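In this text the structure is predicted, and so the values were computed from the model without any measurement.
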Amino acid sequence: MKKAFVTWITGQDGSYLVELLLSKWYEVHWIKRRSSSFNTSRIDHLFEEKDFTIHYWDLSDSTNLIKLISEIKPDEIYNLAAQSHVAVSFDMPEYTADTVWIGTLRLLEAIKVAWIEKTCKFYQASTSELFWGLEYNRPEAWYTEESPMHPRSPYWCAKLYAMWITRNYKESYNMFACNGILFNHESPNRWETFVTRKITMAVAKISLWLQEKLYLWNLDAKRDWGHAKDYVEAMYLMLQQDEPKDYVISTWVTNTVRDFVNWSFEEVWIELEWKWKWEDEKWYNKANWECLVEVDSRYFRPAEVDFLLWDSTKARKELWWTPKYTVREMCKEMVAYDIQIFKKQEILKNHGYEILEQYEI
Ligand code: NAP
Ligand code: G4F
């Protein structure tokens with residue numbers, strides 16, 4: 001039985017990846033950092049699994065990491081943990097660097113210290129936003145693993161280091177270490193501080209009269225959105241190859257945040273009309289002229305990636321990977337899921353149960 005070490009599974013990707021690995025009979029070592037509140041809702045259903053063990057660790061802690069890696073001696077390590085919010089990285093650049101970049105280095109060193117560099121395969125969660133699309137936004141051109149990189153936030157600068165140190169350990173120590181350059185992927189397990197889930201939760205609440213308005217910032221940003229379930233399969237496939245290689249994982253379809261807002265409202269039969277005056281954009285419900293969406297400068301980023309669309313031919317050819325979900329199907333699934341959870345919460349409230357307001361979204 002293969003052993004996998006997955007950092008971090010309270011997040012979106014970790015929750016799906018662990019499900020996938022358990023279905024393939026892996027012994028999964030699940031890493032979690034200490035939290036004062038419960039944040040395991042995405043994996044609570046797995047607690048009864050016998051091949052599933054939880055350990056405490058934080059990306060800033062080398063000592064416990066070396067102890068864990070030496071004891072477990074995993075066959076595969078998936079490094080998913082990160083302060084992964086781009087806007088927050090402008091507020092906390094030093095913490096972001098320490099955890100995202102030095103955290104990756106700590107993991108690679110721990111593999112060496114445990115003397116498993118020849119047997120353990122390492123996956124690094126790299127990111128699409130190492131590429132800044134705007135300057136390449138030409139329909140006749142497309143971009144691949146080899147395209148020039150231009151990170152636009154402290155988060156992406158840290159991920160760029162993490163990517164290169166992974167490549168460096170592969171070249172220097174002949175390790176099986178690779179980077180998955182994943183474009184945005186979403187799902188009902190996406191945390192609600194990211195734009196798609198923020199939208200689908202707000203739309204669900206608005207449709208149930210539980211929220212009045214949705215506040216957003218850059219509605220024209222374009223993203224190549226896929227489904228996280230498809231993307232964790234690509235992570236797994238990368239570690240099953242004979243050679244470690246970096247792959248772009250994307251759908252090769254791009255849409256604006258504005259499109260995602262429109263599709264989400266369409267799912268609850270609300271038609272919007274927007275009125276625009278510079279940054280003061282407002283969207284109204286055509287049925288009663290209530291204002292439902294507004295632009296809010298609180299979500300401004302000092303530097304923005306406006307456009308993302310990349311070519312994943314290499315992964316499709318070599319990994320036989322192909323996305324199963326379209327972005328519209330995913331949007332539909334997310335809105336339906338959110339309506340269901342808020343309906344359940346309302347029923348519980350009406351029966352006198354106290355529901356903790358978990359999120360500031
Ligand atoms: P996510 O939902 O934000 O999950 C990140 C996880 O990292 C959370 O479980 C978080 O734990 C943990 N974490 C944060 N700081 C930590 C620390 N100091 N020590 C240990 N763990 C820490 O992210 P995701 O969407 O699943 O993405 C997984 C990885 O892929 C991330 O590295 C992300 O940067 C990268 N990525 C994501 C996308 C995407 O579109 N989703 C695209 C490209 C790359 P808590 O729950 O305790 O906060
Ligand atoms: O959903 P987002 O916060 O995702 P972003 O910044 O693209 O980063 C995500 O994908 C990366 C991969 O490409 C990962 F590496 C990273 O860890 C993360 O998972 O924002 C998407 C777009 C941005 O242009 C943002 O400015 O939506 C725009 N946006 C507009 N209003 C907003 C909002 N984003 C957020 N989070 N909240 C808003 O209110």
Side-chain angles (χ1 to χ4, degrees), residues 4-18 29-37 39-40 42-43 54-69 72 74 76-114 120 122-130 149 151-169 175 177-182 184-185 189-194 228 231-232 235 246 301-303 305 360:
F5 184 90
V6 182
T7 78
W8 208 266
I9 67 164
T10 52
Q12 170 189 251
D13 294 2
S15 58
Y16 286 120
L17 180 67
V18 166
H29 292 265
W30 176 81
I31 315 302
K32 183 187 181 318
R33 67 173 162 170
R34 154 87 182 121
S35 160
S36 312
S37 54
N39 62 356
T40 54
R42 278 144 182 76
I43 36 97
I54 302 174
H55 307 274
Y56 283 94
W57 173 58
D58 188 290
L59 279 165
S60 57
D61 172 13
S62 314
T63 326
N64 192 35
L65 174 64
I66 292 173
K67 182 173 141 269
L68 285 172
I69 301 275
I72 300 166
E76 293 174 9
I77 296 182
Y78 295 85
N79 182 27
L80 307 181
Q83 187 303 93
S84 70
H85 201 280
V86 174
V88 171
S89 79
F90 285 100
D91 296 328
M92 300 178 70
E94 184 183 332
Y95 171 77
T96 304
D98 185 43
T99 51
V100 173
W101 120 16
I102 307 293
T104 307
L105 176 66
R106 288 184 184 110
L107 261 164
L108 289 162
E109 264 305 289
I111 294 174
K112 267 181 67 216
V113 172
C120 177
F122 180 77
Y123 172 88
Q124 167 59 17
S126 195
T127 166
S128 56
E129 296 184 41
L130 299 173
M149 296 185 184
R152 295 263 294 164
S153 70
Y155 162 74
W156 293 314
C157 291
K159 282 279 183 186
L160 187 60
Y161 175 90
M163 179 178 200
W164 277 102
I165 198 68
T166 302
R167 289 176 172 175
N168 178 260
Y169 271 56
M175 278 173 61
C178 58
N179 292 285
I181 305 166
L182 271 51
N184 295 52
H185 44 282
N189 277 5
R190 186 61 146 156
W191 285 106
E192 42 288 336
T193 49
F194 298 98
Y231 285 46
V232 299
M235 295 176 188
D246 297 347
R301 297 173 181 194
V305 172
E360 169 68 29

Return yes if a side-chain donor-acceptor contact under 3.5 Å exists between T99 and Q83, otherwise no.
-> no
Distance, nearest 0.5 Å, that separates [atom1] of [X] from [atom2] of [Y]:
| X | Y | atom1 | atom2 | answer |
| --- | --- | --- | --- | --- |
| L80 | S15 | CG | OG | 9.5 Å |
| Y155 | F90 | OH | CZ | 12.5 Å |
| F194 | S84 | CZ | OG | 3.5 Å |
| S89 | Y95 | OG | OH | 12.5 Å |
| M235 | L182 | CE | CG | 5.0 Å |
| Y161 | T104 | OH | OG1 | 9.0 Å |

I want to check something: taking the side chain as every heavy atom from C-beta on, are [X] and [Y] in contact at a cut-off of under 4.5 Å?
| X | Y | answer |
| --- | --- | --- |
| L160 | W101 | no |
| M163 | M149 | yes |
| L108 | Q124 | no |

Do R152 and W156 meet the cation-pi criteria used here (NZ or CZ under 6.0 Å from the six-membered ring centre, within 45° of the axis)?
-> no
SB check D58 R34 (cutoff 4.0 Å) = no
Test N179 against every option in N79, T127, D246 by the side chain to side chain contact (heavy atoms under 4.5 Å, CB included) rule and name the one that passes.
-> D246
Got a donor-acceptor contact below 3.5 angstrom from the [X] side chain to the [Y] backbone?
| X | Y | value |
| --- | --- | --- |
| K159 | A125 | yes |
| W57 | D61 | yes |
| T166 | A177 | no |
| E109 | I111 | no |

Least distance between heavy atoms, [X] atom then [Y] atom:
| X | Y | value |
| --- | --- | --- |
| Y123 | G180 | OH-CA, 3.5 Å |
| P151 | C157 | CB-N, 3.8 Å |
| I69 | A114 | CG2-CB, 3.9 Å |
| L17 | V6 | CD2-CG1, 4.1 Å |

With sequence neighbours left out, what residues match [X] under side chain to side chain contact (heavy atoms under 4.5 Å, CB included)?
| X | answer |
| --- | --- |
| A228 | Q12, D13, Y16, H185, S187 |
| I72 | K3, F5, H29, H55, L68, P74 |
| K67 | N64, E71 |
| T10 | W8, K32, N39, T40 |

Taking side-chain hydrogen bond (donor to acceptor under 3.5 Å, both in side chains) as the test, write out the residues that go with S126, two or more places apart.
->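 Not a single residue meets the side-chain hydrogen bond (donor to acceptor under 3.5 Å, both in side chains) criterion with S126.
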Which residue pairs pass the salt bridge (Lys or Arg N to Asp or Glu O under 4.0 Å) test with at least one member in residues 99-108, sequence neighbours excluded?
-> D98-R106
